[in-house]
Each structure stands twice: as C-alpha cells, then as structure tokens.
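A short worksheet on the structure shown next.
Here is the naming used below: chain letters follow the sequence lines, and residue numbers restart at 1 for every chain. Every value quoted in this text rests on a predicted model; they were computed, and no experiment measured them.
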There are 2 protein chains.
Amino acid sequence: MSIDVCAGCPVRDRALCRCLNDQERLVLTGLCQRRRVAAGETVMWAGEDSRICANLLSGVLKAVAATADGREQIVGLSYPADFVGEPYAAEIGFTITALTDAELCTFPRRPFERFLEQHARMGNLLLQRTLKALSEARARMLTLARLSAGEKVAELLLDMAVRAGTSAGRPGLEEPVTFELPMTRGHMADVLGMTIETVSRQLTKLKGAGVIVLSGARTVTIVDARGLRRRAVAA
Amino acid sequence: MSIDVCAGCPVRDRALCRCLNDQERLVLTGLCQRRRVAAGETVMWAGEDSRICANLLSGVLKAVAATADGREQIVGLSYPADFVGEPYAAEIGFTITALTDAELCTFPRRPFERFLEQHARMGNLLLQRTLKALSEARARMLTLARLSAGEKVAELLLDMAVRAGTSAGRPGLEEPVTFELPMTRGHMADVLGMTIETVSRQLTKLKGAGVIVLSGARTVTIVDARGLRRRAVAA
DNA sequence: CGAGGCATTGAGTCTGATCAATTTGAGTGG
DNA sequence: CCACTCAAATTGATCAGACTCAATGCCTCG
C-alpha cells in the first residue's frame, strides 16, 4: 500500500478534495505534486500556457493584472485551502505570486480537468467556489470604481480584521480588537487601486479621528469599530 | 407526448442545456418557466432571496452593484444564451435589470441546483462559463482601477465593436467599420465607473482626433482602428 | 410642433496622483 | 549595546484629471 501523502495535509478538511473518499483521493494523489515557493516568488505568469492548477496548503498568494506599461492591480488573494489556477483556459490570465512563503499541491491542468469531469461532486464544489469568487470580484468592482479613498481603506481594514479572526464584523460587542496587517502599504494600494501615499494618509486620518491605533506599521487596533463601519459604507 | 417547448428556442444550440439529450432536456423543461420582461424592468433585486436562475433567450440584461447612498456600478452584462442568476447563494447579490425587452427561461433555484448535481455534463459547462466570467470580471477590475478615462472609453468601444460582429478586434484589415452602440452614455458611464459628461468628452476627443465618426448619438464608425487600439492600452 | 429625455459643452472645484524629502523601524554586524 | 543600512512608511507641496453644477443643443416620439 502506498503512503498517504494527504495524511498530514493542513487543509485536508477544507480543500476541494475533502469531498473525495479514500479511493478517489488516491487517484488524485497520483496527479499531485507538492511545491514550495518563497515569499516574492511567482507561481505562474500571465500569458504563458495554463499547465497547472493547485490547492494552496499554506501561505498567501496574490493574482495580479497588469497593463503593458506596468500599472498593476491585485485582482484576488488566495488563502490556505483555496483553489488556484485557471482550468479550461489555454493561457494564464493573471500572474500568481506568493506574498509569504507558501506550499502548494499542484496538478497538471489537463488530467485535473478530466478528474473533475469524472468526479461530479468535486466539480460541483469547485463550481460553488467559483460562483462565490465571481460574486466577490463583482463586489470589489463597486469598491474600485465608486468608493472614495477613505471608504476603500476602511472597508479593507474591516475585511482584514474579519479574516484575522477578530469580531470586528457586524455585531454588537464593540471592544477594541488588535491584529497584524497581512500586507504592506504597497499591497494595500495595489488591492484598492490607489497609491501608497494615499493609503498612508487615510490611515493617518483614521488614527487622528481616534478610530484606530497604529503600533508600528503592521499592527492595528480598531478602537471604534462602529465608526470604522460607518466610514466603509457597507455596500 | 408533450409539446417540445425548446423547439423554437433561439439559443438552443448555445445555451447551457445544449449538452443535454432529449430525455434529460425534457426533465429540465418540466422546471422551466418562460418569462418576458420589458426594457427597464428588474428581474431580481439585490438582497432578496435567491429563488430563480435563468437562461437568457433574447435581449440584454445588466447586473448592478450599488452603495447604500445610491452610487451604482454595472458589474456584468448578459447576452442571449448567457446564464443568469446566483445558484448556491442564499441571497441575491446584484440587481438584474433588462436594458432591452428580454425573454428568459427561468428555473426555481433549488430544483435547478439538484438538476445540476445530477447532470455533471451541464454542471461542468456552467463551471467553465463561471470561470470565464471570473476572468472577465478580474480583467475589468484592472480597467476600473487603473485605466484613464480615455483608455476606458477606447477599450469599451472596441469591446462593443467586437460584440457587434465587426472586425475591429486584432488583425490587419483596417477598413472603417460602423455599428450601433447597444447602450446610452449613462450605461457606458456605469460600466466604466465614470460620469456621463466624461464619457461624452472622451468620445468628442476621439472624434476630434479622427479616430471615430459619430452619426447621431448611437451610431459609431471606427475610422482608425489602429489608433483606437493604441489608446486602449490592450492589457 | 412641442415635450422630454439624451447628449454635448463650459466653468470651476476637489480628490487623489505625483514628485520630493524625511522619518521610522527591523534586521545586521561591529 | 549601539551604530548602520535599507526598505517601508509618513508627510508636505504641487498638479492634473475627473467630477460637479449649469446651460444649451439635439433627436425621437407622440
């Protein structure tokens, strides 16, 4: 019997493949190849052949769209257990780069597509995730096109607070929460479609208004969650 | 034997259901309900329960995201044979409104989801379309966030020219092409995340530069396709 | 022929980008 | 432990592109 490479998988119960039984998983495992990438390293380049897809095991990746003259926009972030890549596309549309050290479980695209077609349950799961990603992308279009700089930054802070596992989201308990920003000002600017300077100024403004406290460049405390939510428009 | 409601379907060979055999199609037909909507009428409202999905038979629909204070952004356009709606979502995320008179083949969401799960071939087709829509949404994020007003308008003109079936896209033959704009200046502004006035000024500028000719507000002739493409950055 | 919605054009304003100079702070090595 | 380094972040001054407000012109359809 072969060794179960999924045994110690950190996202075993959250990734796409969680819907497979042992036998099916063994088949998929046969296609899989583990890959480590260092922070800053690019996993796939826009324009090249779409040769692989992957499950993200650990770390954070960004998907970047760029113009010919070098303007960049982060169009998606991927976290552990997320699916990455562009099945059914001949060519990669967006450059995928690691923001932190990361680990991937990669599959050659064609065989993976065939596997999807033969395992409807997983295909359906990927469909659900893709639909959700589409909704998020569309919501972000509103942010990019119509929100002011202040609203954009407030919204992103709330997003990151929620993702960091704090309770700064909706409800009542309004205790201050502290967390680490998972990205630089530059990345924030790339996500929001603005410049580093403007992001910085907006953060300074929030600090001045007593809404947040900045302790070093990467640690934020949300003091007035209500005020922050009010500034974020809450589509 | 029941009457085949798909017999005269205008998108029979392009819609999702083209992958079904006669028997499967009959089952789906049992769920389907035809619906006509007039230009300007809203098919589903953001925030309400996600109760139906649909195939678009004729006409053009827009999907709109909006802020609480009324700012709007068109996040997607749907054309005949496109799939519309948000399966696997409890709540509608984006208001869908008809830009022209339109006809839909609607399905109740839950039974449609069950059908999808039981007909992997169609599920896979929807997955492929959703992946493509996601790519397009992400590409549009770059446009919204990083292109100048002039670039946005040039890009949209090329898009519309291609969709109108002209040859203004990539290749060499640079003969002037004429077509009808399928939308108002207001809709163009809503798609591009700008104002009506700015759209109009950019069109005037293109006219002044001899790149296009405007014959009435809705008819455009692209005289210098090369120049237009150059202005559109061509991500 | 008139009415009303679109579209164009103009003038002035403002937000966010750009250019430029410090400041901060995390990591290094003496 | 302290300087040193280098990238990241902040802050300031200026500028430009797009928005706003306002007026006018143009089609389309009764």
Which atom pair, heavy atoms only, marks the closest approach of Leu156(B) to Arg140(B)? CD1-NH2, 4.5 Å
Distance-only polar pair, side chains of Thr97(B) and Glu41(B), donor-acceptor under 3.5 Å: no
Name every residue in residues 194-214 of chain B that has at least one heavy atom under 4.0 Å from any atom of DNA chain D, in order of residue number, or write none if there are no such residues. Met194(B), Thr195(B), Glu197(B), Thr198(B), Arg201(B)
Taking side-chain hydrogen bond (donor to acceptor under 3.5 Å, both in side chains) as the cut-off, I'd like each qualifying pair that reaches into residues 209-225 of chain A, sequence neighbours left out, listed once. Thr178(A)-Thr221(A), Glu180(A)-Thr219(A)
Test: Asp190(A) and Arg146(B) ion pair at under 4.0 Å: yes
Secondary structure string for DNA chain C (Watson-Crick or G-U under 3.5 angstrom, | for other-strand pairs): ||||||||||||||||||||||||||||||
Between Thr100(B) and Gly59(B), what is the shortest heavy-atom contact and its length? OG1-CA, 3.2 Å
Span of DNA chain C engaged by chain B, first through last nucleotide within the 4.0 Å heavy-atom cut-off, is dA7(C) to dA11(C)
Lys/Arg N to Asp/Glu carboxylate O, Glu86(B) vs Arg51(B), below 4.0 Å: no
For nucleotides 25-30 of chain D, give me one character per nucleotide, 5' to 3': B if any protein heavy atom sits under 4.0 Å from the base, S if the only such contacts are to the sugar-phosphate, - if neither. ------
Would you call Glu136(A) and Lys132(A) a salt bridge, using N to O less than 4.0 angstrom? yes
Check whether any side-chain heavy atom of Thr195(B) lies under 4.5 Å from a side-chain heavy atom of Val199(B), and answer yes or no. no
Measuring from atom OG1 of Thr67(A) to atom CD of Glu151(B), what distance do you get when rounded to the nearest 0.5 angstrom? 7.5 Å
Using the ring-ring contact (aromatic ring centres under 6.0 Å, His included) criterion, which residues pair with Phe83(B)? Sequence neighbours excluded. Phe112(B)
I need the CZ-P distance between Arg146(B) and dA18(D), as an integer number of Å. 14 Å
Ala217(A) or Gly193(A), whichever maps to the more 5' nucleotide of DNA chain C: Gly193(A)
Roughly how far, to the nearest 0.5 Å, is the CZ atom of Arg36(A) from the CG atom of Leu57(A)? 9.5 Å
Electrostatic pair Arg14(A):Asp82(A) at N-O distance under 4.0 angstrom: no
Give, for atom CG of Leu126(A) and atom SG of Cys53(A), the distance between the pair rounded to the nearest 0.5 Å. 8.5 Å
